[in-house]
Protein chains: 4
Amino acid sequence: MAKTSNKKELILTSAYRVFKENGLEDTRVSQIVKEAGIAQGTFYLYYNSKMDVLPDLAQQIISNYTQYLEEHGDIEAGLDYNLRLAIDRIFEANQEDRTIPSIVYAGITRSGDIDKWDLIYRPLYDLVANYLEAAKKNGEIGTDISANYYSEFIISLIESTARGLILFQQSPEEIEKYKEELSSFILNAVYWTPVKVI
Amino acid sequence: MAKTSNKKELILTSAYRVFKENGLEDTRVSQIVKEAGIAQGTFYLYYNSKMDVLPDLAQQIISNYTQYLEEHGDIEAGLDYNLRLAIDRIFEANQEDRTIPSIVYAGITRSGDIDKWDLIYRPLYDLVANYLEAAKKNGEIGTDISANYYSEFIISLIESTARGLILFQQSPEEIEKYKEELSSFILNAVYWTPVKVI
Amino acid sequence: MAKTSNKKELILTSAYRVFKENGLEDTRVSQIVKEAGIAQGTFYLYYNSKMDVLPDLAQQIISNYTQYLEEHGDIEAGLDYNLRLAIDRIFEANQEDRTIPSIVYAGITRSGDIDKWDLIYRPLYDLVANYLEAAKKNGEIGTDISANYYSEFIISLIESTARGLILFQQSPEEIEKYKEELSSFILNAVYWTPVKVI
Amino acid sequence: MAKTSNKKELILTSAYRVFKENGLEDTRVSQIVKEAGIAQGTFYLYYNSKMDVLPDLAQQIISNYTQYLEEHGDIEAGLDYNLRLAIDRIFEANQEDRTIPSIVYAGITRSGDIDKWDLIYRPLYDLVANYLEAAKKNGEIGTDISANYYSEFIISLIESTARGLILFQQSPEEIEKYKEELSSFILNAVYWTPVKVI
DNA sequence: AATGAATGAGGCTTCATTCAT
DNA sequence: GATGAATGAAGCCTCATTCAT
């Protein structure tokens with residue numbers, strides 16, 4: 001028991017695969033259900049349209065970032081390390097699945113209630129804000145920066161840059177360069193100075 | 001002179017209005033031509049699909065930014081002034097027309113050739129890069145920052161923040177606060193210090 | 001005793017309500033069962049389709065007429081009195097529930113076997129025929145009229161006139177006028193003359 | 001020119017045929033367009049649904065009655081003659097096309113505006129009312145009957161009786177008997193007496 | 001170049017019906 | 001008998017696109 005109807009799970013997994021394969025516009029509900037191995041009508045028991053699953057997918061994607069950073073981040077390792085971790089992860093995810101920006105973008109835009117977005121991004125924002133607070137205490141960064149606002153800026157910037165690189169189809173070398181510059185841009189923004197290891 | 005087929009102009013104007021009204025997905029070619037007062041078939045003389053007009057609209061939107069900054073910006077007035085000008089303008093435009101992010105996003109994403117994006121954004125990037133270079137010379141900002149990369153980051157960040165505020169439907173006060181923080185974030189990122197007026 | 005499956009009762013009551021609310025075409029089995037508070041599958045234990053309940057509803061409706069006339073009619077009171085009773089009742093019912101004509105119409109049309117109609121209407125026809133026979137004996141009406149045929153005509157006429165008034169959405173005054181004229185039309189048809197009270 | 005788009009005509013003709021063949025419920029738009037030899041989408045240029053064509057068909061049917069009576073009726077021939085003509089015609093039409101009652105019934109019920117019904121039936125009502133007025137002048141019938149109300153009753157009665165006979169699937173003999181009785185019922189209702197031929 | 005009636009492919013969605021529990 | 005999640009057939013209807021005028 002507690003199966004809690006795994007149909008929704010199936011739909012989500014399948015939808016993600018199909019969206020990734022065909023893009024948002026060219027995805028058909030019929031493909032999603034075929035991949036999921038369920039009946040066409042079953043889809044509509046859980047979602048009203050293919051676009052209706054996007055918020056759920058967006059949540060998964062962003063949650064993955066958060067989860068990754070929670071697992072691999074190390075507050076002791078310094079802000080630059082953790083920032084680089086975030087950049088690498090987000091760039092990598094976008095590289096691997098070029099439809100991520102569209103899913104997240106559309107998922108949020110279409111999500112009727114605004115709270116949904118907050119719900120999706122809040123954990124990630126909080127995580128980054130925590131890093132910033134720790135760095136403040138640590139003396140790594142300026143104490144007058146606003147962790148809440150800056151965490152949003154940082155995430156936004158990483159995401160939009162990652163998206164841009166995909167659109168531009170930059171070379172691996174160029175991507176590496178962007179990472180460097182982006183990292184420095186953000187660290188500058190928070191007055192970062194290398195933590196002194198005594 | 002340059003009648004340049006005012007039909008295309010009509011389509012563009014009409015499409016913008018309809019997209020703004022109904023959103024990208026729910027816009028129909030039939031609505032665009034109705035608003036434009038032209039025949040259904042005429043549309044296809046100029047564009048292949050409704051999405052095909054998005055790059056042109058995106059170009060208009062971004063060009064407006066550039067144009068505005070060229071007209072109102074003042075390289076003598078210091079980077080902070082010009083930055084604030086850009087922030088104000090972009091925020092305002094997004095506030096007034098909440099469909100701008102989608103148009104630009106989709107316009108660029110769907111634009112077959114990547115060069116199109118560069119074509120659209122290059123003048124704006126260059127403009128900001130010029131400000132940065134001037135500020136470097138001016139001693140306002142650090143000389144080791146890369147104007148080319150940073151200009152992209154700056155524009156991206158302003159745009160994505162503006163979009164976020166719309167989705168969140170923030171209050172005017174909150175928006176003002178965001179502008180302040182965003183401005184400081186960016187100025188920090190370039191090591192900005194107030195220019196000394198002697 | 002005779003619990004006779006109160007589920008069927010529930011379905012009938014619910015179906016009537018939903019038909020009345022949404023009309024025959026726009027009624028869904030899912031709505032009926034929801035209103036009835038029973039499971040979707042339960043419906044099919046008693047009826048094969050939503051249309052399948054119509055004959056039962058029609059029977060209820062027509063039975064109500066018969067029952068009312070049996071209770072309130074008075075064979076001593078003269079044909080005109082009882083006729084007026086029938087007109088009032090049928091008009092009133094149609095006024096109150098504008099979907100009656102459709103239910104009866106469709107209920108009968110779709111009722112596979114023709115005998116069903118007879119089954120539904122026979123008691124009412126017989127009742128009216130009895131009135132006519134009594135009036136014949138009474139000298140109220142001509143003796144050469146055929147009670148069987150005329151009773152059908154009378155009921156048909158009252159029902160179709162009632163329906164027409166609903167479609168036309170006549171005013172209460174106009175409805176009253178119709179009743180008068182209809183009454184006189186029918187009484188004429190049977191050569192009615194006021195019964196002489198000595 | 002002045003083709004005035006014969007597509008609508010095609011749809012109407014085809015729809016009638018298909019409705020007659022399959023009944024209202026079991027008719028598919030796809031069948032109508034196939035019979036009409038037009039594209040599926042073309043149908044929706046003229047009607048919103050299959051039910052949407054019913055008012056137009058109802059109008060045709062009722063107009064046919066009127067037209068027939070105008071052509072074959074003879075005001076000089078006495079009310080009984082013309083009444084019988086109407087009965088014969090309406091019975092015959094219903095016999096030949098058993099879907100007529102449903103078309104007319106549904107066509108009128110669904111016709112959004114009430115005026116439509118009046119528009120459809122008015123000419124027929126007026127025609128019968130004219131017969132009644134002529135008969136009044138002629139001394140054939142009572143002068144105190146209301147031509148307007150009675151004409152509606154007469155048409156209603158003929159139509160509903162014709163419909164009933166179809167549902168009952170009466171034998172030709174029985175139908176003939178009904179005609180006789182119906183005719184006498186109506187003539188009684190108007191106090192008809194044979195016109196004296198001197 | 002402009003028109004707009006006509007096209008028709010095909011995705012969407014419903015909803016009656018089933019059946020394992 | 002009762003349940004209701006799941007089914008999937010199939011009709012609806014849109015809407016981009018065409019093409020004769």
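Just so you know, these numbers use all the heavy atoms, side chains as well, and skip hydrogens, waters and symmetry mates. Letters A, B, ... are given to chains in the order of the sequence lines, protein chains preceding strands, and every chain is numbered from 1.
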Chemist: Rounded off to whole Å, could you give me the CZ-to-C1' distance for the C:Phe43 and E:dC15 pair?
Modeler: 12 Å
Chemist: Closer to the 5' end of DNA chain E via nearest nucleotide, is it D:Thr42 or C:Lys50?
Modeler: D:Thr42
Chemist: Going by atom types alone, do A:Tyr16 and A:Thr99 pair a side-chain donor with an acceptor below 3.5 Å?
Modeler: no
Chemist: Rounded to the nearest Å, what distance is computed from the CZ atom of residue D:Arg28 to the C1' atom of nucleotide F:dA9?
Modeler: 12 Å
Chemist: Apply the test side-chain contact (heavy atoms from CB on, under 4.5 Å) to residues C:Val104 and C:Ile62: give CA-CA distance (whole Å), side-chain angles for both, the deciding distance (0.1 Å), then the verdict.
Modeler: CA-CA 8 Å; C:Val104 174; C:Ile62 305 302; 4.2 Å; yes
Chemist: Of all the nucleotides listed (E:dT3, F:dC12, F:dC15), which has the minimum atom distance to the side chain of B:Lys7?
Modeler: E:dT3
Chemist: Take atom CG of D:Asn22 and atom P of F:dG11, then tell me their distance rounded to the nearest Å.
Modeler: 11 Å
Chemist: Centre of B:Phe43's six-membered ring, under 6.0 Å away, within 45 degrees of the axis: is that where NZ or CZ of B:Lys50 sits?
Modeler: no
Chemist: CG of D:Asn6 versus P of E:dA5: gap in Å, rounded?
Modeler: 14 Å
Chemist: What integer distance in Å separates A:Tyr47:OH from E:dG11:P?
Modeler: 22 Å
Chemist: Taking for each residue the nucleotide of DNA chain E with the nearest heavy atom, is it D:Leu45 or A:Asn48 whose nucleotide lies nearer the 5' end?
Modeler: D:Leu45
Chemist: Give the nucleotide from the list F:dT18, E:dT7, E:dC12 with an atom nearest to the side chain of A:Gln40.
Modeler: E:dC12
Chemist: Could you state the atom-to-atom distance from NZ of D:Lys8 to C1' of E:dA6 in whole Å?
Modeler: 16 Å
Chemist: Under the side chain to side chain contact (heavy atoms under 4.5 Å, CB included) test against A:Phe19, which residue among A:Leu24, A:Ile100, A:Asp26, A:Asp97 passes?
Modeler: A:Leu24
Chemist: F:dG11 P sits how many Å from C:Glu25 CD, rounded?
Modeler: 16 Å
Chemist: Provide, to the nearest angstrom, the distance between the CD atom belonging to A:Gln31 and the P atom belonging to E:dG10.
Modeler: 13 Å
Chemist: Closest to the D:Tyr46 side chain: E:dC15, F:dT3, E:dA6?
Modeler: E:dA6
Chemist: If you assign each of D:Tyr44 and B:Ser49 to its closest nucleotide in DNA chain F, which residue comes earlier from the 5' end?
Modeler: D:Tyr44
Chemist: Using Watson-Crick and G-U wobble pairs whose two distances are both under 3.5 Å, how do you write the pairing of DNA chain F as dot-bracket, with | for links to another strand?
Modeler: .||||||||||||||||||||
Chemist: Go through it in stages, so that I can follow the logic: the residues are D:Leu45 and D:Lys7, the test is side-chain contact (heavy atoms from CB on, under 4.5 Å), and I'd like the CA-CA distance, side-chain angles, deciding distance and then a yes or no.
Modeler: CA-CA 9 Å; D:Leu45 253 31; D:Lys7 301 284 171 183; over 6 Å; no
Chemist: About how many Å separate OG1 of D:Thr109 and CZ of C:Arg98, when rounded to the nearest 0.5 Å?
Modeler: 10.0 Å
Chemist: Before giving the answer on salt bridge (charged side-chain N to carboxylate O under 4.0 Å, His left out), spell out for D:Asp56 and D:Lys116 the whole-Å C-alpha distance, their side-chain angles and the decisive distance to 0.1 Å.
Modeler: CA-CA 10 Å; D:Asp56 281 2; D:Lys116 185 93 187 190; 3.6 Å; yes
